[in-house]
Amino acid sequence: MLKFTIRRIFSAIPVLFIVVSLVFALIRIIPGDPTIMILGEEATDEEYAELREKMGLNDPMIVQYVRYLKDIITGNWGTSMYNNKPVFENIFSRWEPTIVLTFYSTTLAVLIGVPVGIIAATHRNSPLDYAVTTVSAVGMSAPGFWVGLMMVYFLGVQLRLFPVQGYTTIEAGGLAGALRSLTMPAMALSLSHQATLCRYTRTMMLDVLNNDYVRTARAKGLHENIVNYKHALKNALGPVVTNIGFAIASKLGGSTVSETVFNLPGVGKLAYDSLMRRDYDQEQAIILFVAILLIFTNILLDIVYKLLDPRIEFD
(Lines give C-alpha, C1' and ligand atoms only; values in the text may rest on other atoms or scores of the structure.)
Protein backbone atom coordinates (compact mmCIF):
# COMPACT_ATOMS: atom_id res chain seq x y z
CA MET A 1 0.00 0.00 0.00
CA LEU A 2 2.82 2.43 0.86
CA LYS A 3 4.63 1.77 -2.42
CA PHE A 4 1.36 2.22 -4.31
CA THR A 5 0.67 5.54 -2.56
CA ILE A 6 4.16 6.88 -3.28
CA ARG A 7 3.91 5.78 -6.91
CA ARG A 8 0.54 7.48 -7.30
CA ILE A 9 1.85 10.73 -5.81
CA PHE A 10 4.76 10.79 -8.27
CA SER A 11 2.43 9.92 -11.15
CA ALA A 12 0.40 13.02 -10.26
CA ILE A 13 3.32 15.33 -11.15
CA PRO A 14 2.83 15.09 -14.96
CA VAL A 15 -0.91 15.66 -14.49
CA LEU A 16 -0.25 18.80 -12.46
CA PHE A 17 2.22 20.02 -15.10
CA ILE A 18 -0.44 19.63 -17.81
CA VAL A 19 -3.03 21.40 -15.64
CA VAL A 20 -0.64 24.28 -14.92
CA SER A 21 0.16 24.66 -18.62
CA LEU A 22 -3.48 24.58 -19.72
CA VAL A 23 -4.56 27.05 -17.05
CA PHE A 24 -1.75 29.46 -17.94
CA ALA A 25 -2.69 29.35 -21.63
CA LEU A 26 -6.48 29.49 -21.26
CA ILE A 27 -6.47 32.37 -18.78
CA ARG A 28 -4.50 34.49 -21.24
CA ILE A 29 -6.63 33.54 -24.24
CA ILE A 30 -9.75 35.00 -22.60
CA PRO A 31 -10.45 38.47 -24.04
CA GLY A 32 -9.90 41.40 -21.71
CA ASP A 33 -7.00 43.48 -20.46
CA PRO A 34 -6.34 43.14 -16.70
CA THR A 35 -4.84 46.65 -16.60
CA ILE A 36 -8.19 48.10 -17.72
CA MET A 37 -9.98 46.02 -15.07
CA ILE A 38 -7.65 47.39 -12.40
CA LEU A 39 -7.28 51.04 -13.44
CA GLY A 40 -10.65 51.53 -15.09
CA GLU A 41 -11.38 52.95 -18.53
CA GLU A 42 -10.48 56.54 -17.65
CA ALA A 43 -6.76 55.93 -17.07
CA THR A 44 -4.18 57.23 -19.53
CA ASP A 45 -2.23 55.12 -22.02
CA GLU A 46 0.93 55.83 -20.02
CA GLU A 47 -0.66 54.44 -16.87
CA TYR A 48 -1.78 51.31 -18.70
CA ALA A 49 1.69 50.80 -20.15
CA GLU A 50 3.36 51.34 -16.78
CA LEU A 51 1.12 48.78 -15.08
CA ARG A 52 1.58 46.23 -17.87
CA GLU A 53 5.35 46.58 -17.51
CA LYS A 54 5.11 46.21 -13.72
CA MET A 55 2.97 43.07 -14.06
CA GLY A 56 5.34 41.57 -16.66
CA LEU A 57 2.64 41.36 -19.32
CA ASN A 58 4.94 42.91 -21.94
CA ASP A 59 7.34 39.98 -21.75
CA PRO A 60 7.10 37.21 -24.37
CA MET A 61 4.60 34.47 -23.45
CA ILE A 62 7.33 31.85 -23.03
CA VAL A 63 9.15 34.12 -20.55
CA GLN A 64 5.94 34.60 -18.56
CA TYR A 65 5.33 30.83 -18.61
CA VAL A 66 8.83 29.93 -17.36
CA ARG A 67 8.58 32.58 -14.65
CA TYR A 68 5.19 31.19 -13.60
CA LEU A 69 6.53 27.62 -13.40
CA LYS A 70 9.48 28.81 -11.32
CA ASP A 71 7.17 30.65 -8.94
CA ILE A 72 4.90 27.60 -8.56
CA ILE A 73 7.83 25.30 -7.77
CA THR A 74 9.30 27.73 -5.23
CA GLY A 75 5.94 28.22 -3.51
CA ASN A 76 5.35 31.76 -4.72
CA TRP A 77 1.90 31.36 -6.26
CA GLY A 78 1.50 35.06 -6.81
CA THR A 79 -0.32 38.11 -5.54
CA SER A 80 -3.82 39.18 -6.42
CA MET A 81 -3.86 42.04 -8.91
CA TYR A 82 -7.06 43.27 -7.29
CA ASN A 83 -6.08 43.74 -3.63
CA ASN A 84 -2.30 43.06 -3.62
CA LYS A 85 -2.70 40.20 -1.12
CA PRO A 86 -1.12 36.73 -1.53
CA VAL A 87 -3.47 34.45 -3.44
CA PHE A 88 -3.56 31.85 -0.66
CA GLU A 89 -4.51 34.50 1.89
CA ASN A 90 -7.51 35.36 -0.29
CA ILE A 91 -8.45 31.71 -0.71
CA PHE A 92 -8.29 30.84 2.98
CA SER A 93 -10.11 34.02 3.99
CA ARG A 94 -13.02 32.84 1.82
CA TRP A 95 -12.89 29.17 2.78
CA GLU A 96 -15.22 29.05 5.81
CA PRO A 97 -18.54 29.37 3.92
CA THR A 98 -17.26 27.01 1.23
CA ILE A 99 -16.27 24.32 3.76
CA VAL A 100 -19.56 24.57 5.68
CA LEU A 101 -21.58 24.56 2.45
CA THR A 102 -19.63 21.57 1.13
CA PHE A 103 -20.25 19.32 4.11
CA TYR A 104 -23.81 20.58 4.67
CA SER A 105 -24.85 19.86 1.08
CA THR A 106 -22.96 16.55 0.96
CA THR A 107 -24.59 15.39 4.20
CA LEU A 108 -28.04 16.18 2.76
CA ALA A 109 -27.17 14.35 -0.46
CA VAL A 110 -25.92 11.22 1.34
CA LEU A 111 -28.76 11.07 3.88
CA ILE A 112 -31.37 11.32 1.12
CA GLY A 113 -29.77 9.90 -2.02
CA VAL A 114 -28.25 6.66 -0.68
CA PRO A 115 -31.28 5.37 1.32
CA VAL A 116 -33.69 6.24 -1.52
CA GLY A 117 -31.43 4.43 -3.99
CA ILE A 118 -31.41 1.34 -1.76
CA ILE A 119 -35.20 1.41 -1.46
CA ALA A 120 -35.56 1.73 -5.25
CA ALA A 121 -33.24 -1.23 -5.82
CA THR A 122 -34.98 -3.48 -3.30
CA HIS A 123 -38.36 -2.61 -4.89
CA ARG A 124 -37.26 -2.99 -8.50
CA ASN A 125 -39.90 -2.37 -11.20
CA SER A 126 -42.44 -1.25 -8.64
CA PRO A 127 -44.33 2.07 -8.84
CA LEU A 128 -41.98 3.34 -6.10
CA ASP A 129 -38.95 2.45 -8.21
CA TYR A 130 -40.39 4.21 -11.27
CA ALA A 131 -41.20 7.29 -9.20
CA VAL A 132 -37.67 7.41 -7.74
CA THR A 133 -35.96 7.04 -11.13
CA THR A 134 -38.20 9.72 -12.66
CA VAL A 135 -37.59 12.22 -9.87
CA SER A 136 -33.84 11.44 -10.01
CA ALA A 137 -33.76 12.15 -13.74
CA VAL A 138 -35.48 15.50 -13.15
CA GLY A 139 -33.07 16.33 -10.31
CA MET A 140 -30.04 15.57 -12.45
CA SER A 141 -31.39 17.65 -15.34
CA ALA A 142 -32.47 20.76 -13.43
CA PRO A 143 -29.93 23.60 -13.87
CA GLY A 144 -28.35 24.57 -10.56
CA PHE A 145 -28.80 28.31 -11.08
CA TRP A 146 -32.51 27.86 -11.85
CA VAL A 147 -33.06 25.72 -8.75
CA GLY A 148 -31.30 28.37 -6.67
CA LEU A 149 -33.38 31.21 -8.11
CA MET A 150 -36.63 29.29 -7.51
CA MET A 151 -35.64 28.68 -3.90
CA VAL A 152 -34.79 32.35 -3.44
CA TYR A 153 -38.19 33.37 -4.77
CA PHE A 154 -40.43 30.82 -3.03
CA LEU A 155 -38.58 29.99 0.21
CA GLY A 156 -36.85 33.33 0.69
CA VAL A 157 -39.07 36.06 -0.78
CA GLN A 158 -42.56 34.52 -0.59
CA LEU A 159 -42.39 32.35 2.56
CA ARG A 160 -39.45 34.16 4.22
CA LEU A 161 -38.14 30.95 5.74
CA PHE A 162 -34.45 31.59 5.09
CA PRO A 163 -32.15 34.53 4.21
CA VAL A 164 -32.06 35.06 0.46
CA GLN A 165 -28.36 35.94 0.30
CA GLY A 166 -25.20 36.44 2.34
CA TYR A 167 -23.48 34.33 4.97
CA THR A 168 -23.51 34.52 8.77
CA THR A 169 -20.07 33.53 10.06
CA ILE A 170 -19.69 30.95 12.82
CA GLU A 171 -18.04 33.61 14.96
CA ALA A 172 -20.99 35.99 14.55
CA GLY A 173 -23.96 33.62 14.68
CA GLY A 174 -22.59 30.28 15.85
CA LEU A 175 -22.85 27.06 13.87
CA ALA A 176 -26.67 27.24 13.89
CA GLY A 177 -26.63 30.71 12.36
CA ALA A 178 -24.13 29.67 9.71
CA LEU A 179 -26.17 26.58 8.79
CA ARG A 180 -29.40 28.60 8.60
CA SER A 181 -27.84 31.09 6.20
CA LEU A 182 -26.59 28.20 4.04
CA THR A 183 -29.74 26.03 4.09
CA MET A 184 -31.08 27.17 0.72
CA PRO A 185 -27.66 27.06 -1.01
CA ALA A 186 -27.06 23.59 0.44
CA MET A 187 -30.46 22.34 -0.74
CA ALA A 188 -29.89 23.75 -4.23
CA LEU A 189 -26.34 22.39 -4.43
CA SER A 190 -27.29 18.95 -3.11
CA LEU A 191 -30.25 18.35 -5.43
CA SER A 192 -28.30 17.06 -8.41
CA HIS A 193 -25.92 15.25 -6.07
CA GLN A 194 -28.85 13.51 -4.36
CA ALA A 195 -30.16 12.38 -7.74
CA THR A 196 -26.75 11.13 -8.85
CA LEU A 197 -26.15 9.20 -5.61
CA CYS A 198 -29.62 7.70 -5.86
CA ARG A 199 -28.99 6.42 -9.39
CA TYR A 200 -25.49 5.17 -8.53
CA THR A 201 -26.70 3.35 -5.41
CA ARG A 202 -29.67 1.79 -7.20
CA THR A 203 -27.55 0.58 -10.13
CA MET A 204 -24.81 -0.91 -7.96
CA MET A 205 -27.28 -2.52 -5.55
CA LEU A 206 -29.12 -4.18 -8.45
CA ASP A 207 -25.83 -5.47 -9.80
CA VAL A 208 -24.78 -6.93 -6.45
CA LEU A 209 -28.22 -8.37 -5.62
CA ASN A 210 -27.97 -10.61 -8.70
CA ASN A 211 -24.72 -12.22 -7.51
CA ASP A 212 -24.58 -15.84 -6.41
CA TYR A 213 -23.50 -15.13 -2.84
CA VAL A 214 -26.60 -12.98 -2.29
CA ARG A 215 -28.86 -15.74 -3.55
CA THR A 216 -27.01 -18.17 -1.30
CA ALA A 217 -27.56 -15.89 1.70
CA ARG A 218 -31.28 -15.80 0.94
CA ALA A 219 -31.35 -19.58 0.51
CA LYS A 220 -29.91 -19.93 4.01
CA GLY A 221 -32.95 -18.14 5.36
CA LEU A 222 -31.25 -14.87 6.37
CA HIS A 223 -33.51 -11.90 6.97
CA GLU A 224 -33.89 -9.67 3.92
CA ASN A 225 -32.45 -6.65 5.76
CA ILE A 226 -29.32 -8.62 6.66
CA VAL A 227 -28.92 -9.70 3.03
CA ASN A 228 -29.41 -6.16 1.71
CA TYR A 229 -27.41 -4.14 4.22
CA LYS A 230 -24.72 -6.54 5.46
CA HIS A 231 -23.93 -8.55 2.34
CA ALA A 232 -25.01 -6.41 -0.62
CA LEU A 233 -24.60 -2.79 0.41
CA LYS A 234 -20.95 -2.97 1.45
CA ASN A 235 -19.91 -4.38 -1.93
CA ALA A 236 -22.03 -1.82 -3.77
CA LEU A 237 -20.52 1.21 -2.07
CA GLY A 238 -17.33 1.56 -4.15
CA PRO A 239 -18.63 3.82 -6.96
CA VAL A 240 -20.86 5.63 -4.45
CA VAL A 241 -17.88 6.48 -2.25
CA THR A 242 -15.98 7.65 -5.34
CA ASN A 243 -18.80 10.00 -6.28
CA ILE A 244 -19.00 11.40 -2.75
CA GLY A 245 -15.24 11.90 -2.52
CA PHE A 246 -14.91 13.74 -5.81
CA ALA A 247 -17.99 15.84 -5.04
CA ILE A 248 -16.46 16.97 -1.74
CA ALA A 249 -13.14 17.81 -3.41
CA SER A 250 -14.75 19.83 -6.19
CA LYS A 251 -17.06 21.67 -3.78
CA LEU A 252 -14.12 22.57 -1.53
CA GLY A 253 -12.62 24.27 -4.55
CA GLY A 254 -15.71 26.44 -4.73
CA SER A 255 -19.32 25.91 -5.77
CA THR A 256 -19.34 28.84 -8.14
CA VAL A 257 -22.97 28.78 -9.29
CA SER A 258 -24.52 28.44 -5.82
CA GLU A 259 -22.18 30.98 -4.26
CA THR A 260 -22.87 33.48 -7.02
CA VAL A 261 -26.67 33.04 -6.97
CA PHE A 262 -26.83 33.37 -3.18
CA ASN A 263 -24.02 35.97 -2.99
CA LEU A 264 -21.87 33.89 -0.62
CA PRO A 265 -18.32 35.12 0.06
CA GLY A 266 -16.76 31.73 -0.71
CA VAL A 267 -13.99 30.39 -2.92
CA GLY A 268 -16.38 29.87 -5.84
CA LYS A 269 -17.48 33.50 -5.76
CA LEU A 270 -13.81 34.51 -5.54
CA ALA A 271 -13.06 32.42 -8.64
CA TYR A 272 -15.92 34.06 -10.54
CA ASP A 273 -14.89 37.57 -9.50
CA SER A 274 -11.22 36.87 -10.31
CA LEU A 275 -12.16 35.67 -13.79
CA MET A 276 -14.27 38.76 -14.41
CA ARG A 277 -11.39 40.99 -13.25
CA ARG A 278 -8.82 39.00 -15.26
CA ASP A 279 -6.91 38.48 -12.00
CA TYR A 280 -4.48 35.97 -13.52
CA ASP A 281 -2.55 34.88 -10.43
CA GLN A 282 -5.66 34.47 -8.28
CA GLU A 283 -7.62 32.47 -10.86
CA GLN A 284 -4.63 30.24 -11.65
CA ALA A 285 -4.10 29.54 -7.96
CA ILE A 286 -7.73 28.54 -7.41
CA ILE A 287 -7.81 26.18 -10.39
CA LEU A 288 -4.49 24.58 -9.46
CA PHE A 289 -5.64 24.27 -5.85
CA VAL A 290 -8.78 22.40 -6.98
CA ALA A 291 -6.70 20.14 -9.24
CA ILE A 292 -4.45 19.18 -6.32
CA LEU A 293 -7.52 18.44 -4.17
CA LEU A 294 -8.97 16.17 -6.86
CA ILE A 295 -5.71 14.29 -7.43
CA PHE A 296 -5.14 13.55 -3.76
CA THR A 297 -8.81 12.68 -3.33
CA ASN A 298 -8.36 10.06 -6.03
CA ILE A 299 -5.42 8.57 -4.13
CA LEU A 300 -7.38 8.60 -0.86
CA LEU A 301 -10.34 6.86 -2.52
CA ASP A 302 -8.10 4.04 -3.70
CA ILE A 303 -7.10 3.49 -0.08
CA VAL A 304 -10.77 3.52 0.98
CA TYR A 305 -11.51 0.92 -1.70
CA LYS A 306 -8.95 -1.36 -0.12
CA LEU A 307 -10.55 -0.92 3.30
CA LEU A 308 -14.02 -1.65 1.92
CA ASP A 309 -12.91 -4.69 -0.06
CA PRO A 310 -9.68 -6.39 1.17
CA ARG A 311 -9.74 -8.57 -1.97
CA ILE A 312 -8.52 -5.62 -4.04
CA GLU A 313 -4.80 -5.81 -4.81
CA PHE A 314 -2.79 -2.82 -6.02
CA ASP A 315 -0.02 -3.86 -8.43
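Everything quoted here is computed from the prediction, not taken from an experiment.
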Under a 4.5 Å cut-off applied to non-hydrogen side-chain atoms, are [X] and [Y] in contact?
X: V132; Y: I119; answer: no
X: F17; Y: L69; answer: yes
X: Y104; Y: T183; answer: yes
X: Q284; Y: R28; answer: yes
X: T242; Y: Y200; answer: no
X: R277; Y: Q282; answer: no
X: P185; Y: L264; answer: yes
X: V110; Y: Q194; answer: no

Exam field: side chain [X] to backbone [Y], donor-acceptor pair closer than 3.5 Å:
X: E283; Y: I27; answer: no
X: S192; Y: M140; answer: no
X: T74; Y: D71; answer: yes
X: T201; Y: C198; answer: no
X: E47; Y: T44; answer: yes

Does a donor on one side chain and an acceptor on the other come within less than 3.5 Å for [X] and [Y]?
X: N90; Y: S93; value: no
X: T79; Y: N84; value: no
X: E96; Y: Y167; value: yes
X: E53; Y: N58; value: yes
X: K251; Y: S105; value: yes

Over all atoms of both residues, closest heavy-atom pair of [X] and [Y]:
X: P163; Y: R180; answer: CD-NH1, 3.4 Å
X: S255; Y: L101; answer: CB-CD2, 4.4 Å
X: A195; Y: G139; answer: CB-C, 4.0 Å
X: V87; Y: S80; answer: CG1-N, 4.0 Å
X: G144; Y: V257; answer: C-CG1, 4.1 Å

With T35 via side-chain hydrogen bond (donor to acceptor under 3.5 Å, both in side chains) - residues at least two apart: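 By the side-chain hydrogen bond (donor to acceptor under 3.5 Å, both in side chains) rule, T35 matches D33.
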Shared ILVMFWY cluster between I244 and V116, side chains joined below 4.5 angstrom? no
Path from V20 to F88 over hydrophobic side-chain contacts below 4.5 Å: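 Result: yes, single cluster for both.
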Tell me every residue that passes ring pair (Phe, Tyr, Trp, His ring centres under 6.0 Å) with F246, counting only those two or more places apart in sequence or in another chain.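 So F246 forms no ring pair (Phe, Tyr, Trp, His ring centres under 6.0 Å) with any residue.
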List the residues meeting ring pair (Phe, Tyr, Trp, His ring centres under 6.0 Å) with Y65, not counting sequence neighbours, and say none if there are none.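 F24.
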Can you tell me how far [atom2] of [Y] sits from [atom1] of [X], rounded to the nearest 0.5 angstrom?
X: T122; Y: R202; atom1: OG1; atom2: CZ; answer: 10.5 Å
X: Q165; Y: N263; atom1: CD; atom2: CG; answer: 4.5 Å
X: I112; Y: S190; atom1: CD1; atom2: OG; answer: 6.0 Å
X: L22; Y: L288; atom1: CG; atom2: CG; answer: 11.5 Å
X: T260; Y: D273; atom1: OG1; atom2: CG; answer: 7.0 Å
X: R124; Y: Y130; atom1: CZ; atom2: OH; answer: 9.0 Å

Taking the six-membered ring for Trp, is the centroid-to-centroid distance between Y68 and W77 below 6.0 Å?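 No, the ring centres sit 6.0 Å or more apart.
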Assess the residue pair S258 and V261 against the criterion (side-chain contact (heavy atoms from CB on, under 4.5 Å)); give the C-alpha distance rounded to whole Å, side-chain angles, the decisive distance to 0.1 Å, and a yes or no. CA-CA 5 Å; S258 292; V261 170; 5.9 Å; no
Aromatic ring pairing F92/W95, orientation class (parallel under 30°, perpendicular over 60°, tilted between):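 Answer is tilted, since the angle falls between 30° and 60°.
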